[in-house]
Structure formats: C-alpha cells, structure tokens
Amino acid sequence: TVSVLNCSHLVGWGACAVRCTMRPQPPPPRRGDGSGRAMTRKRAEREALKRPATGEWTHSTVKLLDEARQTKQASMILRDQNAMTKKLVDREVVDTFNQVNDELRKKVNITAKLRARLEKQMQQTTAEIAALLQARGRVKHMLEERVKPLKVAQARLSQRKRRPSVEQINDHADRTLQNEAAELQQSVSSLQHLVNGAAEVLSKLEHSRSMIEQDLYDKSESLRLDRACLEVSGGKRRKADETSPAFGANPKPGNTSQTDRWQRSTNQLLTEAGELEHLSMRLRQEVAKALNSLSTSHHQALGVVNDALRSKVKQTKALHTQLENNLRAVCAEIDDLYQNKELIERTLAAKQAPLDVVKKRLELRRQRPDREAIRDGVEDALQQELTTLKTSMDSLRSKLVRIDKEAHQLEKLRRALEKDLVNKGSALQHDKRALAIDLNAINDTGSIRGSERSAMSMSARSGQVSLPSIRSVGLSGGSSAYMSGSRTHR
C-alpha cells in the first residue's frame, strides 16, 4: 500500500514536470520587427515567474517522503494489533463456552428445585380446594334453613314501605319488625359472609393452581431443553492457550438481573399460594366455629310482631273513623257558607235596581237649564239615597269577600282531610297485608306465593272501593247547595 501510494505521488509529480516541459513555445519573432522582440521578452519573463523555484521543489519531495514513512509505521502497528486481537478473541471464545456450560448446569439445578417445590405446592393447593368446597356446602345448607324467616320480616317491611309518605313513621310495629329483621340478619349475615368468603378464596385458589400448573409445565419444558443443551456440548470444558496474553483473565459475568426476576417470579407465586392456603385454613376454622355455635333448629317467633301489627291496625281504624266525622262536619260548614253567599248575592241583585233609578234621576236633573240647576231638597234627597245604597252594597260585597276567604280555608281543610283519609285507608290495607304474610306465604325463592298475593290484592281492592263511598256520605248532606253556591259564585 505504501509503495503504490509513493508511486502514485511520483507519477503525479512526473506528470506535472512533463506538463511543465511540454508547454508550447511562443513563435519566433520576425526579423526587422523591434516591437515583436519586445513582446517576446516580456512573455518569457512572465513564464519564468510562473515556474517553481528549486527550494520549493525540494521541500515538496521531502514532505511526500515523510508522509510515506508515517503511513508505513501505522500499517505495521495495525498489523500487530490485529494479531493481538485474534489471540484475545480466541481466549474469550473458550472462556465464554466454559461459562455457558457452567451457567447451564447452575440453571438446571435451580430449575429442578423449583419444579419440585411447584409439584408439592400443587398437591397441597388441590387438597385445600377440596376441603374448602366441603365446608362451603355445609354453610350453604345451614343458610338455607335461616333465610325463610328473614324473608318474611323483609317482605313485611317492604309491604309497609308502600304506605303513603306521611304514614311512614317509626311506630311500634315498625320498630318491632326492624328488631326482628336485625336479629335474623345477625344469624344469617355471618353465614352469608362465610359463603362469600369461601367463594372468593376458592376463586383465588383455582387461579393460583392454574398459575402453578402453567409454571410447572414451563419449568419442565425449560429443564428438558437445558439438559439437551448440555448433552449437545458433551459437558466438557475446553482448554485455553496458556501462552495467550489473555490467559487467566476473568470471564464477563452473565446477565443476572433477568435470572433473578425469573426466580423471584416463581418464588412469589409459591409465596402467594402458601398465603392463600393459610387463609383457606383460617376460613375453615371459622366455618367450624360458626356451625358449632348456631343451632340448626332455630325458628323465630312471630307473636310479638303480629301483636304490634294488630295494635297498629286498630289505631288506624280509630283515626279513620275520626277523619270521616270531621270531614262530614267541614262539608256541612261549607254548605252553610255557600247558602249565606247565595242570600247576599240575591240581596245585592235586589239593590241594583233602586241604585240604577237614583243614578238615572240624577242624570236627568243635570240636564236642567243653568238658571234652574240649583241644589234643592230633591237633589239632597237623591244624593242621600245614592250614598245609602252604595254603602249597603259595599258592606255586602265585603261580606262576600270574607265568605269566599272562609270558604277557601274550609275547602283547603276539606282537601287535607280527604287526603289524610285516603292515606289512612291505604296504610290500613298495607298493614293488613303485612299481617297476612307468614312462613306459609313465602315460597322457596323468598317471594310471596300466588294464592296469598291474589287474596291480598282482593282485600286491597275492597278497601279502595270503600273510601269513595265514605267521601260521598260525608258530602251528601250539603252537596246540592254546595254545587248551586259554586255556580252562583261563578
């Protein structure tokens, strides 16, 4: 490479010299022409100035030789480095091969231990799932025996919540039902909590078992492949060249971060499976304790609740009767008011004719001539009569306003009584329905049987029909006068 480079430089300079020597010469001057000789001389001087001097030509050659020598030294150094690199690479290949075999053996041992732990945990998890399933079945059986009385109490509370909003008070019957439901719920909630907890733990155990099973399959496959890799290499170590400059150098450590994460993932899976196993064991202990403490022959007595509901029905009936009486009295008072209003309106109508006569007389007397238009005794009498009629009619109109205001208040009271009467009737029917709900009225699904529902619906319909008849009786005493008074007022 150096020789070719030098030759190229030399050839370049030779070509330059040839180009310099092969330049065309100017034509010889013609004889007898002095101006031509002068031009030739000047051109020659310019050409001489363009040619390099001897010192510059020598300096360029020396510079070229120095560059060639430096390039040769760099090439020798590169050749020595290549030889050294080859020896290092050979040594590193041998060390890497031995390191791979050592890592494979180590990985095989770790994988075999992890697989053994996974197999053991798989057996324990399967046995724990079977035991927890049996415990959950026993809890479900006990829960089914305690749900029906609770459904009765909840159905009664739900029935009473259908009462009108003004009737939904925290009375003795409501408190008794709530206490009964709370006592039943206390015995049922613990069992339901155990069932839900068992279902959750079973789900987690099933998921953990599937994860262990998948990890066990992966570990077995990985162990088979790693052993196959060891069999391919024969399991022997290669010997490195001891004369190599790199002999005795430490091999590069492998990537332990991924190995640690791989091992930690399996250890974490085993740890979580062990925690779930302990959680399942504690849950089975709670199930055994609950089954021993609760009696399987428990039946909640309904006598206290029934007595409270009967007392509530009796009180509501009494209030319903009082409302009917008050409603009749209010309707009679409204009838009297509208009769008085009708009498006053007739009186006003009777006074309107005299008033018109007085106004007409005054209007006619205003048409008298100016000399006759004096305030005489007739004029004074007509004015007095007009004032008296207006005063009496204004008094009657004020009485009509007071009657309308009083009638409005009584109408408002009547509507409130009617509304309260309807609410009391609705509450009475819902309390009767709640009283009719018992263990025989609840089916296995916790809802009311069809026959019981139809009987309660018929009772409710009969109760709803009786309310309008009560209202008609309350208004019968003055219904005609009330309607006539309304028409006259309008």
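When reading the values below, keep in mind they use all heavy atoms of this one structure, side chains included, and skip hydrogens, waters and symmetry mates. Keep in mind it's a predicted model, so treat the numbers as computed, not measured.
- Contact record, Gln159 with Ala434: CG-N, 3.8 Å, taken as the closest heavy-atom pair.
- Not a single donor-acceptor pair under 3.5 Å links the side chain of Ser280 to the backbone N or O of Glu277.
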Distance-only criterion, 3.5 Å: show the donor-acceptor pairs between side-chain atoms of residues 131-141 and protein atoms not counting sequence neighbours.
from: His141; atom 1: NE2; to: Glu145; atom 2: OE2; distance (Å): 3.4

Item to complete: Test salt bridge (charged side-chain N to carboxylate O under 4.0 Å, His left out) on Glu418 and Arg415 and set out the steps.
Response: CA-CA 5 Å; Glu418 289 178 349; Arg415 288 192 296 269; over 6 Å; no
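- Under a 3.5 Å cut-off, the side chain of Thr71 and the backbone N or O of Glu67 do form a donor-acceptor pair.
- Contact between Leu157 and Ala181 at its shortest, heavy atoms only, is CD1-CB, 4.1 Å.
- Remark: Gln168 CD is packed, more than 12 non-hydrogen atoms of other residues, nucleotides or ligands lying under 6.0 Å away.
- Ser187 contributes a side-chain N or O that, together with a main-chain N or O of Leu184, makes up a donor-acceptor pair within less than 3.5 Å.
- In this structure, Thr126 contributes its side chain and Met122 its backbone to a donor-acceptor pair below 3.5 Å.
- Distance check, rounded to the nearest 0.5 Å: CD of Glu92 to CG of Leu88 gives 8.0 Å.
- Ser203 contributes no side-chain N or O that, together with a main-chain N or O of Ala199, makes up a donor-acceptor pair within less than 3.5 Å.
- Listed by chain and number, the residues in a salt bridge (Lys or Arg N to Asp or Glu O under 4.0 Å) with Arg160 are Asp171, Asp174, Asp431 (sequence neighbours excluded).
- Side-chain contact check for Ser220 versus Arg224: every heavy-atom pair is 4.5 Å or farther apart.
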Item to complete: Show your working on salt bridge (charged side-chain N to carboxylate O under 4.0 Å, His left out) between Asp66 and Lys63 and close with a plain yes or no.
Response: CA-CA 5 Å; Asp66 291 339; Lys63 184 178 179 180; over 6 Å; no
Item to complete: Give the intermediate values and the outcome of side chain to side chain contact (heavy atoms under 4.5 Å, CB included) for residues Val305 and Leu309.
Response: CA-CA 6 Å; Val305 177; Leu309 286 174; 4.2 Å; yes
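- Remark: side-chain polar atoms of Asp215 are not paired, donor with acceptor, to backbone N or O of Met211 under 3.5 angstrom.
- A salt bridge links Asp420 and Lys424; the closest N-O separation between the charged side-chain nitrogens and carboxylate oxygens is under 4.0 Å.
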Discussion item. Does Leu410 form a side chain to side chain contact (heavy atoms under 4.5 Å, CB included) with Tyr338? I'd like the steps, not just the answer.
Written reply: CA-CA 11 Å; Leu410 289 175; Tyr338 278 104; over 6 Å; no
Discussion item. Assess the residue pair Asp307 and Arg310 against the criterion (side chain to side chain contact (heavy atoms under 4.5 Å, CB included)); give the C-alpha distance rounded to whole Å, side-chain angles, the decisive distance to 0.1 Å, and a yes or no.
Written reply: CA-CA 5 Å; Asp307 292 340; Arg310 292 190 187 98; 3.2 Å; yes
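- Note that the CG atom of Asp218 and the CH2 atom of Trp262 stand 11.0 Å from one another [nearest 0.5 Å].
- A salt bridge is absent between Glu286 and Lys289; no separation between the charged side-chain nitrogens and carboxylate oxygens falls under 4.0 Å.
- Residues Thr176 and Ala308 come closest through the heavy atom pair OG1-CB, 3.9 Å.
- A donor-acceptor pair under 3.5 Å is formed between the side chain of Arg175 and the backbone N or O of Asn170.
- For the pair Leu283 and Leu279, the minimum side-chain heavy-atom distance is 4.5 Å or more.
- Donor-acceptor pairing under 3.5 Å is recorded for the side chains of Gln192 and Asn196.
- Looking at heavy atoms from C-beta onward, Glu333 lies out of side-chain contact with Glu406 at the 4.5 angstrom threshold.
- Taking 4.0 Å as the cut-off between side-chain N and carboxylate O, Lys106 and Glu103 do not count as a salt-bridged pair.
- Nearest approach of Ser189 to Gln186, heavy atoms of both residues: OG-O, 3.4 Å.
- In this structure a side-chain-to-backbone donor-acceptor pair under 3.5 Å is present from Asn82 to Leu78.
- Between Leu223 and Arg227, the closest side-chain pair of non-hydrogen atoms falls below 4.5 Å.
- A donor-acceptor contact shorter than 3.5 Å links the side chain of Thr85 to the backbone of Gln81.
- Side chain of Ser210 to main chain of His207: a donor-acceptor pair is present (N/O by atom type, distance under 3.5 Å, no hydrogens or angles).
- Here the straight-line distance linking atom OG of Ser311 with atom NE2 of His172 works out to 7.0 Å at 0.5 Å rounding.
- When the side chain to side chain donor-acceptor pair (under 3.5 Å) test is applied to Thr125, the partners found at least two apart in sequence or on another chain are Gln121.
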Worksheet entry | From CA spacing to verdict: side chain to side chain contact (heavy atoms under 4.5 Å, CB included), Asn306, Arg156 | CA-CA 11 Å; Asn306 291 337; Arg156 285 180 167 183; 2.8 Å; yes
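- With values rounded to the nearest 0.5 angstrom, Glu119 atom CD is found 12.5 Å from Lys219 atom NZ.
- At a cut-off of 3.5 Å, with distance as the only test, no side-chain donor of Arg264 or Asn267 sits close to an acceptor on the other residue.
- Atom OG1 of Thr96 is separated from atom CG of Asn101 by 11.0 Å, given to the nearest 0.5 angstrom.
- Closest approach of Ser208 and Ala273 over heavy atoms only: OG-CB, 3.4 Å.
- Atom NZ of residue Lys204 and atom CD of residue Glu272 lie 10.0 Å apart, to the nearest 0.5 angstrom.
- Taking each heavy atom of Ile129 and Glu206 in turn, the nearest pair found is CG2-OE2, 3.6 Å.
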